[in-house]
Amino acid sequence: MATRASDVTAKEKKRYGTKDLLNLITTNAEPKKGLFVLGLVLSLVATVCSLAITLMLKEFIDAFNHGTSGSLVLNLALVILIELAAGVSSSFLLSYTGVDAVTKLRAALWRHIVDLPIPYFDRNRTGELSSRVVNDTSTIFELISSQFSNAITGVISIVGSLVLMLMLNFKLTIIILIVVPVMALIIVPMGQVLARISKSIQKETANLNSASVQMISQNRLIKAMDAEDDLKQQGEDQVNRIKHFSISQIKLISVLNPILNIILLAAIFVIIAYGGILVQTGALTIGSLVAFLMYAVQMISPLSSVTGLVTAVQQTVGATERIDDILNSPIEDKRLDGQPLETIQTINFDHVDFDYVPGKTVLKDINLQIKQGERIALIGESGSGKTTLVSLLEAYYDPTRGQLDVNGQPMADYAIPAVRSQIGYVSQEVDLMPGTMRDNLLLGATAPVDDATLVNLLQEVGLGDWLNELSQGLDTDVGERGLNVSGGQRQRIAIVRALVRKPSLLILDEATASLDNQNQERVSQLLDDLPADLTTITIVHRLNQIEAYPRILFMEDGRITGDGNHAELIKTHARYGEFYRLQYQHG
Ligand SMILES: Nc1ncnc2c1ncn2[C@@H]1O[C@H](COP(=O)(O)OP(=O)(O)OP(=O)(O)O)[C@@H](O)[C@H]1O
C-alpha cells in the first residue's frame, strides 16, 4: 500500500541513550571492527611507549653523573620509534574507520531518504533533513575517529602515570591525588553545562541551515514580495541566537581553561618545591623529579578528553535520535509483488474521499471515469484539490475512502513502479537535476533512448535552436536547480523528459504557465500531435485555450461539480461561467 496520510500516528517519545548510539553505529555505519580494534591497540601501544619514554628519560638524566650507557640511548631511540610508528598508524586507522563508517551511514541515510514516502516530505523541512545528513553524521564521525580513542588512551595515560608516580614517590603522588579530584569537581559540572550549550548550538545551526535553504530557493518570491528586509531580520535573529549560545560557550571555556591552568601550575610549583627539598636530602633523584613532573602533565592533560567523552556521547546521542527518526520512518511500500501494468486504458474513481489529516476531508466523493486517449483539462480555484487528485493517480497517497480502479482493477493491486512508469508528469515548478541535459532528459528512463530521438523531441517543443547554441549539446551541464535555463525552457525540457518514458497517461500541472505565446502554441501543437491513445490530464490555470479541451473537469472545494466541454459548462454551470469570465477580466 502507498502511504495513507491518516496512518501517521503520534510516535511514542522514546528516551535515547548510548545503547541506541551503538546500535546505530553497528547496524548502519558498519565500522570495520578489526581496523578499529587494531587502531585502538596501536594507540594504547603509543601511550604505553610515551609512559616508558618518560621512565627512560629519568634513567638518562640520573645517568649523567656516571656516564650514559649506550644501550639506554639505543633503547630510548627504539621506543621513540615504536611510539612514532604506533602513533601514526593508530591515528590513520582510527580516522580511516571513522571516514569509512560515516560514509556508510551517509549513504544509508541518503538511500533511505530517497525511498521515503511523499507524506514524510510533507511533514519535514528540507533544510532540517539535509542538516541530518551532513551535520549529525559528522558528530558521529568525530566520536568514532578521535573522541572515543582519545578517551581510552587518556584513561591508560592517567592510570599508567599514576602507578608510575606512586612507584617514583608516594608523598608527591598525594599532591596530585588532591589536585585531580579538585579539577574533576570543576570539569565535570562545567562539562555538563557545556554539553547543554553545544546541543543548543547544534540545534540553532540546523535551523540556520534549514532557513538558508528556504531563503536561497525562495529568493525570487522574496524579491517579488519585497520582503528582503523581513528576511534579513529573520536571518539576523537566527545567527544571533547561535551567537548567544556561542558566547556562553566561549565565556565558560575562557574561564575554565585558565582556572585549570592555575591549578596545574600550583600543583607543579608544589611538586618542584617539595621535590626540590627531597632531591637536596637525597630522597629523590633529579631524573625522578623530572619524570614525576612529566607524568603529572601526562596524567592531567587527558583529563579533559576523558570527561569530554561524556559530553561527546551526549551530543552524539542527540544526533543519533535525529538520524534514527529518519531511518526508522517506514519507506514507501512500492508493492513490488503487485501486478504489472502494460498500459492505462481506464481510470475509475468511485466515491473517493481523501484526508491528508484525519477528519479534514480534502477530496469529497469523487466519481470519475477516464478513458484512454481523452484530453482532459482540470480547473478550479486554488486549494480546490486538483493537485491532490493527480497525487492519487501517481499513487503518492491511497484514497481514504472509496475505490480507485485502473483497467477495472484496484490501483492497490498494481506494483507502484509499474503505475508510475505509465505516467509522465510535468509539475508546476520544474526543477532540473544537477547534471547534463541528457541526464535530465533520461531521468528514470528504463529503456535506452538514442540522441536522435531526444534531439527530435527537443525540436518539436521549440528547443532546437537553443540546443544548437549550447556549447556541448546534450552533454552541457544544466547546473544545479537549472539556474542557467529559463522557466519556459525548463518546462519544455520537462515535457520531453515525460514523453521519453512513452507514458500512457500524461499529467501536466499548468505546464504552459511560464511559456510565451509563441512557445505556448508550439507546445499545444505538440500536445495535439501526441499519439491518439495517450491520455492527458492538464491542470489549467490560464483559461485562454480552454475551449480546445474536449472535456473539462471543474473542481470546487474538493468536489468535481462540472464535467463537460466549454460550451456545455458555460450554459449549465454558473460557477464555471463566473470563473471563466473572472479569469478573462483579470488575465
Ligand atoms: N501535504 C498536505 N497536507 C495537508 N493538507 C494539504 C497538503 N497538500 C494540500 N493540502 C490541502 O489540500 C487542499 C487541496 O490542495 P491542492 O494542492 O490539491 O489544491 P489545488 O487545487 O491543486 O491548488 P493550487 O491550484 O493552488 O495548486 C488545500 O486545502 C490544501 O491546503
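Every number for a ligand or one of its atoms is a count from 1 in the order of the listing.
Residue contact check: D122 has heavy atoms under 4.0 Å from atoms 1 (N) of ligand 1. Residue-ligand proximity, T388 to ligand 1, at heavy-atom distances under 4.0 Å covers atoms 14 (C), 15 (O), 16 (P), 18 (O).
Residue contacts with ligand 1: S384 is placed with a nitrogen or oxygen under 3.5 Å of a nitrogen or oxygen of the ligand (distance criterion only). Looking at V357 next to ligand 1, no N or O pair under 3.5 Å apart turns up.
The closest approach between E381 and ligand 1 falls below 4.0 Å for a heavy atom of the residue.
For the pair E204 and Q238, the minimum side-chain heavy-atom distance is below 4.5 Å.
The distance from the CG atom of L105 to the CD1 atom of I323 is 5.0 Å, given to the nearest 0.5 Å. Atoms OH and CG, on Y425 and D509 in that order, are 4.5 Å from each other to the nearest 0.5 Å.
Side-chain atoms of D122 and Y396 include no donor-acceptor pair closer than 3.5 Å. A donor-acceptor pair shorter than 3.5 Å cannot be found between the side chains of T453 and N456.
Counting only heavy atoms of the protein, atom 25 (O) of ligand 1 lies nearest to K386 NZ, 2.9 Å. For atom 12 (O) of ligand 1, the closest non-hydrogen atom on the protein side is V362 CG1, 3.3 Å. Looking at atom 17 (O) of ligand 1, its nearest protein heavy atom turns out to be T387 CB, 3.6 Å. Counting protein heavy atoms only, atom 26 (O) of ligand 1 is closest to S382 OG, 2.6 Å. Of all protein heavy atoms, the one closest to atom 5 (N) of ligand 1 is Y356 CD1, 3.3 Å. In this structure, atom 28 (C) of ligand 1 lies nearest to the protein heavy atom G383 O, 3.8 Å.
Distance check on atom 30 (C) of ligand 1: every protein heavy atom falls at or beyond the 4.0 Å cut-off.
Classification of the F354-Y397 ring pair by plane angle, with boundaries at 30° and 60°, yields tilted. Ring orientation note: the planes of Y576 and Y580 are close to parallel, at an angle under 30° on the 30°/60° scale.
More than 12 non-hydrogen atoms from other residues, nucleotides or ligands lie less than 6.0 angstrom from NZ of K364.
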